[in-house]
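Read through the structure below, which is laid out as structure tokens, and then see the notes.
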Amino acid sequence: APMMHCYSMDVMKQMRGIPFISDHRIVPEASFAATTAFPSRNVSEVFKDIYLFEYETEYEKQMKKELDKLGFKRAEFQIGFESSAPGITGADQIEFLFSANPGVRPLPLRSVASSGELCRVMLALKTILAGADRIPTLVFDEIDANIGGETAVTVGQELANLAVSKQIISISHLAQGAARADRHFKV
């Protein structure tokens, strides 16, 4: 697998402070800074990574805020980015890294999240991307597993907010979530 690009935070901040595009060209100061900081990297790749770093950081902040509302008070959420050979799914691989517990290193979400955790992470993701996502129906199973009280109320409210623009099917065990629904089906 390709090596994930990691740069020191200080260098990334320095590079972000340099305007690197002018008239669709990389400005000389930025090119010099990039080749000095990362001599073994192609300049355009460095700037692509800086752009992704800024986007990932903002997206991670939004996800952490949403996850906090959904009961993951000290969860870690990170976005891993790897360049790969171009293929039918693109030339980049994105991996969501997650830890629900403080002090535990974030690992691939697909490997560490329970079904209930995965549903709440998906709810956070869909809440952030609601305007851009064209999928009309979302199904959440066990979204309220191992929660109660205020967190259950918040999950119910977030589902209701998302239901303004999507059809939501949620299998729920808690009244706090079910109370926000327009329709109920007993199975």
Side-chain angles (χ1 to χ4, degrees), residues 1-2 4-6 9 12 48-84 87-174 176-183:
M4 187 169 293
H5 301 300
C6 297
M9 194 67 88
M12 292 302 284
K48 176 184 172 188
D49 289 344
I50 291 169
Y51 172 79
L52 288 169
F53 174 81
E54 290 177 354
Y55 179 74
E56 289 170 17
T57 302
E58 181 58 33
Y59 186 73
E60 288 170 357
K61 286 179 191 174
Q62 290 179 21
M63 279 297 289
K64 287 177 184 177
K65 181 180 170 187
E66 289 298 320
L67 290 170
D68 183 68
K69 287 193 309 190
L70 298 174
F72 296 113
K73 297 295 183 195
R74 297 188 299 192
E76 287 294 322
F77 181 86
Q78 298 171 358
I79 301 170
F81 169 78
E82 293 182 13
S83 294
S84 61
I88 60 171
T89 60
D92 303 318
Q93 293 182 1
I94 306 295
E95 179 87 72
F96 293 146
L97 307 173
F98 177 74
S99 172
N101 302 307
V104 177
R105 182 173 60 94
L107 296 170
L109 176 66
R110 60 186 157 74
S111 303
V112 298
S114 69
S115 62
E117 289 170 339
L118 193 56
C119 280
R120 284 188 282 157
V121 170
M122 182 60 73
L123 177 57
L125 176 69
K126 292 299 184 177
T127 298
I128 291 169
L129 299 175
D133 190 356
R134 293 181 284 174
I135 297 173
T137 303
L138 301 172
V139 178
F140 294 100
D141 184 15
E142 301 288 337
I143 197 165
D144 52 15
N146 301 316
I147 62 170
E150 281 299 312
T151 301
V153 170
T154 302
V155 168
Q157 185 58 52
E158 292 297 313
L159 285 169
N161 293 344
L162 197 54
V164 170
S165 61
K166 310 273 184 212
Q167 177 184 19
I168 304 295
I169 300 171
S170 178
I171 300 161
S172 180
H173 303 282
L174 295 177
Q176 294 96 320
R180 303 281 185 189
D182 292 332
R183 305 271 188 284

For this session: Tell me, please, which residues at least two apart from Q176 pass side chain to side chain contact (heavy atoms under 4.5 Å, CB included).
Result: A152, V153, L174
Seminar exercise, completed: Contacts satisfying ring pair (Phe, Tyr, Trp, His ring centres under 6.0 Å) that involve residues 106-131 (not counting sequence neighbours) are none
Problem set entry | Any donor-acceptor pair under 3.5 Å from E66 side chain to L125 backbone | no
Exercise. Can you name the side-chain hydrogen bond (donor to acceptor under 3.5 Å, both in side chains) partners of Q167, sequence neighbours left out?
Worked result: T137
Seminar exercise, completed: So side chain to side chain donor-acceptor pair (under 3.5 Å) across residues 120-131, not counting sequence neighbours, yields K126-D133
For this session: Could you name each residue pair satisfying side chain to side chain donor-acceptor pair (under 3.5 Å) that touches residues 97-108, not counting sequence neighbours?
Result: none
Problem set entry | Beyond-backbone contact of V121 with F96, side-chain heavy atoms, under 4.5 angstrom | no
Problem set entry | E95 side chain reached by Q78 side chain, heavy atoms, under 4.5 Å | no
Problem set entry | E76/L97 under side chain to side chain contact (heavy atoms under 4.5 Å, CB included): CA gap, chis, key distance, verdict | CA-CA 8 Å; E76 287 294 322; L97 307 173; over 6 Å; no
For this session: Answer yes if the ring centres of F72 and F77 are under 6.0 angstrom apart, and no otherwise.
Result: no
Problem set entry | side-chain hydrogen bond (donor to acceptor under 3.5 Å, both in side chains) against D141, all qualifying residues, sequence neighbours excluded | none
Exercise. For atom NZ of K65, is the number of surrounding heavy atoms from other residues, nucleotides or ligands below 6.0 Å larger than 12?
Worked result: no
